[in-house]
Amino acid sequence: ARVVPLLEESIQVARLAKQQASLGMRLGLLGYIWMAQEAYQEARACFEEAELVLANQQSPESLIIICLDRALLARRVGAVDEAITYYKKAKALALANEAFLSDFLPPIESGLATVFLAQGDAANAMQEIKLALQYALHEPLTNAYNMQIILECVHVLRANHDERSEQIL
């Protein structure tokens with residue numbers, strides 16, 4: 001509970017110092033905290049401002065993160081089309097910056113797959129899973145983040161009765 005006021009204060013400091021990249025990331029962090037607390041309107045406002053601030057910076061990595069956060073927020077509130085839009089925006093940014101592919105393509109693809117599966121679009125879900133696995137299976141499964149991506153992939157494969165779900169695990 002004490003984190004929010006401290007983060008809001010650091011946002012004001014970044015505004016006054018005209019530190020746009022820092023401001024954008026701090027707004028994104030505050031948005032993520034609001035989202036975790038299910039304060040979705042506050043989260044959306046932070047993510048919108050962060051995206052505007054970061055769009056003018058030379059920081060595609062930060063903008064990809066904000067797009068992923070916006071996609072996740074959209075998924076949580078049931079705005080499927082908006083989630084797809086932000087996953088695709090993040091994907092375009094990652095593809096334009098090859099250095100970010102291995103870090104960002106797996107969560108983008110697995111997120112898209114999960115959204116497509118929820119819509120009943122098994123064909124597109126499977127297409128996205130193939131791309132996610134192409135990158136995710138080459139990374140060590142030493143952290144919860146990588147494991148989450150693999151589990152989302154397995155979920156989509158199982159929903160489509162694909163035996164590769166058992167091979168992955």
Side-chain angles (χ1 to χ4, degrees), residues 1-116 118 128 131-132 134-153:
R2 292 190 60 214
V3 170
V4 171
L6 291 173
L7 193 49
E8 287 173 333
E9 185 177 324
S10 75
I11 287 169
Q12 293 308 320
V13 169
R15 277 188 216 286
L16 291 172
K18 299 186 190 279
Q19 297 172 339
Q20 296 300 91
S22 177
L23 173 62
M25 289 311 298
R26 290 173 190 193
L27 284 163
L29 179 58
L30 182 58
Y32 198 83
I33 291 169
W34 285 128
M35 182 170 51
Q37 295 178 359
E38 298 182 1
Y40 297 131
Q41 288 180 325
E42 291 86 346
R44 178 182 301 273
C46 287
F47 291 149
E48 285 174 359
E49 185 177 354
E51 184 179 8
L52 287 172
V53 168
L54 293 171
N56 296 320
Q57 300 299 302
Q58 296 297 322
S59 181
E61 183 177 17
S62 299
L63 194 52
I64 292 169
I65 292 168
I66 294 300
C67 288
L68 286 171
D69 288 343
R70 293 199 71 177
L72 181 59
L73 175 62
R75 281 175 59 185
R76 288 202 179 164
V77 299
V80 176
D81 291 336
E82 185 179 343
I84 291 170
T85 296
Y86 279 102
Y87 279 126
K88 287 183 175 181
K89 185 172 182 176
K91 184 176 180 176
L93 289 164
L95 290 171
N97 297 276
E98 197 170 310
F100 302 132
L101 288 180
S102 63
D103 289 337
F104 291 114
L105 220 48
I108 292 167
E109 301 297 353
S110 65
L112 273 169
T114 303
V115 172
F116 286 139
E128 299 300 332
L131 293 169
Q134 191 174 5
Y135 285 90
L137 290 177
H138 291 38
E139 297 294 320
L141 295 178
T142 56
N143 63 45
Y145 182 69
N146 289 343
M147 200 57 195
Q148 175 64 31
I149 292 165
I150 297 297
L151 290 175
E152 283 184 354
C153 291

Tell me, do Trp34 and Gln41 make a side-chain contact under 4.5 Å, heavy atoms counted? no
Would Met25 and Val53 count as a side chain to side chain contact (heavy atoms under 4.5 Å, CB included) if you check the C-alpha gap in whole Å, the side-chain angles of each, and the deciding distance to 0.1 Å? CA-CA 9 Å; Met25 289 311 298; Val53 168; over 6 Å; no
Quick one: are Ile66 and Asp69 in side-chain contact, heavy atoms under 4.5 Å? yes
Looking only at non-hydrogen atoms, find the nearest pair between Val115 and Ala83 and report the distance. CG2-CB, 4.2 Å
May I ask you to decide whether Arg44 forms a salt bridge with Glu82, counting only side-chain N to carboxylate O separations under 4.0 Å? yes
Results of side-chain contact (heavy atoms from CB on, under 4.5 Å) for Ile33 - residues two or more places apart only: Val3, Val4, Leu7, Leu29, Gln37
Of the non-hydrogen atoms in Met35 and Tyr40, which two are nearest, and what is the gap between them? O-CE2, 3.7 Å
Would you call Leu68 and Phe104 a side-chain contact if the rule is heavy atoms closer than 4.5 Å? yes
Do you know the tightest heavy-atom contact between Leu54 and Ala21? CD2-O, 4.0 Å
CG-CG distance between Leu52 and Leu23, expressed to the nearest 0.5 angstrom: 11.0 Å
Of all heavy-atom pairs linking Lys91 and Leu105, the shortest is CG-CD1, 4.1 Å
Rounded to the nearest 0.5 angstrom, the OG-CG distance for Ser62 and Leu27 is 12.0 Å
So, taking the atom named CG in Leu73 and the one named CD in Glu48, what distance separates them when rounded to the nearest 0.5 Å? 9.0 Å
Applying side-chain hydrogen bond (donor to acceptor under 3.5 Å, both in side chains), can you list everything that pairs with Thr114, at least two apart in sequence or on another chain? none
Return yes when atom CZ of Phe116 has more than 12 non-hydrogen atoms of other residues, nucleotides or ligands closer than 6.0 Å, and no otherwise. yes
Would you mind writing out the side-chain donor-acceptor pairs for residues 74-81 within the sub-3.5 Å range, not counting sequence neighbours?
from  : atom 1 : to    : atom 2 : distance (Å)
Arg75 : NH1    : Tyr87 : OH     : 2.9

Would you give the length of the straight line joining atom SG of Cys46 to atom CZ of Arg70, rounded to the nearest 0.5 angstrom? 11.0 Å
Salt bridge Glu51-Lys89, side-chain N to carboxylate O under 4.0 Å: yes
For Leu93 against Cys67, the heavy-atom pair lying closest together: CD1-SG, 4.3 Å
Please lay out, stage by stage, how Leu30 and Glu8 fare under the test side chain to side chain contact (heavy atoms under 4.5 Å, CB included). CA-CA 8 Å; Leu30 182 58; Glu8 287 173 333; 3.8 Å; yes
If we only count heavy atoms from C-beta on, is the Leu72 to Tyr32 side-chain gap below 4.5 Å? yes
Is any NZ, NE, NH1 or NH2 atom of the basic residue among Glu9 and Arg26 found under 4.0 Å from an Asp or Glu carboxylate oxygen of the other? no
Between Ala94 and Ile108, which heavy-atom pair has the shortest distance, and what is it? CB-CD1, 4.3 Å
